[in-house]
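Sequence positions, counted from 1, serve as the residue numbers for this chain.
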Amino acid sequence: MTGQPPPDPAGFVVVVEPGDRIHFLDWGGAGQPGVLLIHGLAASGWVWAPVARRLIGARRTVAMDLRGHGLSDAPTDDGAYDLDVLADDVIAVAEGSGLLDRAVADSRVTLVGHGFGGIVAAAAAAALGERCARLVLVDGGLEHLPTSTGLDVDEFLRGLDEPPEVMRSMAAYLADRRAWDPVSWDADQERAARAAVVETPAGRLVPATRPHALVAAVRTMFAYRPEVVLARVRAPIVAVRRITPGDEAAAVPGSLAPWSVDMAAVTVVDVPAPGHNLLRYRPDEVTAAILGR
């Protein structure tokens, strides 16, 4: 999508115990079940813009900021970023936004998560039971990270550090993000990039995701057991997997998750893409997977 995007979505918050505010973007749209989009690590709801703009023609669409990310609060108490707490935030946004109506017995929502957001979406889907209509995992949610990466939490965190030259100024940072894929760079991508950093008075950048929240979220990622959580999900599960262009022949669904996940219960969609950000690189395919097309 190129050119000037339509008007921005409205922003709202829901308040969860003990008073933390969870922010979400209401993209509008019509059609049921509604869709709740959950971003990945060190991102915000704005990364979903390419997909959300496509979804609203068929579904009511909301994108949330996980706690510690975007415009949501970043509590510091112990356990604030445990998986069940994050899942409760998802349910609070689903209900607070009106995607789920407590008064309607058959009210349901589609949950979609990217990367770390897939882990959170899976836990929320398990907690919702029949109230989840569909769970879509976008390049995440299937792996036991200690096994798949061979890293520990500290090693993984070190790999998230941006090069100093990228963070020296907003211009340098935006140029770096644009260079990932110039064809898909637009006003929405710039908005999402700017939301991921904070500019200091000296002009240098620091990550917008609070350091304590990032560490806690990564620890939650590494503790995630997909074979346990996904087994509790009652909704249909769709996994959109990124594969390296040219390696399509190597895409064997049985090889996706050798950690005891019952892959017979998962519909796999393989998408060639240059990187993890399928929301930017392949929004049409992600949208189709969400809608079941």
So, using side-chain hydrogen bond (donor to acceptor under 3.5 Å, both in side chains) as the criterion, who are the partners of [X] when residues are at least two apart?
X	value
Arg59	none
Asp73	Arg21
Arg234	Glu130
Asp82	none

With a 3.5 Å distance limit and no angle check, can you tell me whether [X] reaches the backbone of [Y] through a side-chain donor-acceptor pair?
X	Y	answer
Asp139	Gly115	no
His69	Ser44	no
Arg67	Ala80	yes
His212	Ala74	yes

What residue pairs, at least two apart or across chains, pass side chain to side chain donor-acceptor pair (under 3.5 Å) with a residue in [range]?
range	result
residues 102-112	Glu95-Arg102
residues 283-293	Arg54-Asp284
residues 196-209	none
residues 154-170	Glu162-Arg177

Is there any ring pair (Phe, Tyr, Trp, His ring centres under 6.0 Å) pair reaching into residues 108-128, and which pairs are they, with sequence neighbours excluded?
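Only His114-His276 qualify under ring pair (Phe, Tyr, Trp, His ring centres under 6.0 Å).
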pair [X]-[Y]: side-chain heavy atoms closer than 4.5 Å:
X	Y	value
Arg210	Thr76	no
Leu279	Leu37	no
Leu66	Tyr81	no
Pro33	Val109	no
Leu230	Leu142	yes
Tyr224	Leu145	no
Val35	Trp48	no

Going by the rule ring pair (Phe, Tyr, Trp, His ring centres under 6.0 Å), which residues pair with Tyr173 if we only count those two or more places apart in sequence or in a different chain?
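Partners of Tyr173 under the ring pair (Phe, Tyr, Trp, His ring centres under 6.0 Å) test: none.
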What residues, two or more places apart in sequence or in another chain, satisfy ring pair (Phe, Tyr, Trp, His ring centres under 6.0 Å) together with Phe24?
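Ring pair (Phe, Tyr, Trp, His ring centres under 6.0 Å) list for Phe24, sorted by chain: Phe12.
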Can we say Asp26 and Arg60 salt-bridge, meaning some charged N sits less than 4.0 Å from an Asp/Glu carboxylate O?
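Here Asp26 pairs with Arg60 in a salt bridge, since their nearest N and O are under 4.0 Å apart.
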Which residues pass the side-chain contact (heavy atoms from CB on, under 4.5 Å) test with Ala208, not counting sequence neighbours?
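For Ala208 the side-chain contact (heavy atoms from CB on, under 4.5 Å) partners, ignoring immediate neighbours, are Val198.
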Other residues, nucleotides and ligands only: do more than 12 of their heavy atoms fall within 6.0 Å of CG on Asp78?
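Not more than 12 within 6.0 Å, no.
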Same cluster or not: are Leu278 and Val112 linked, directly or through other Ile, Leu, Val, Met, Phe, Trp or Tyr residues, by side-chain heavy atoms under 4.5 angstrom apart?
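Shared cluster, yes.
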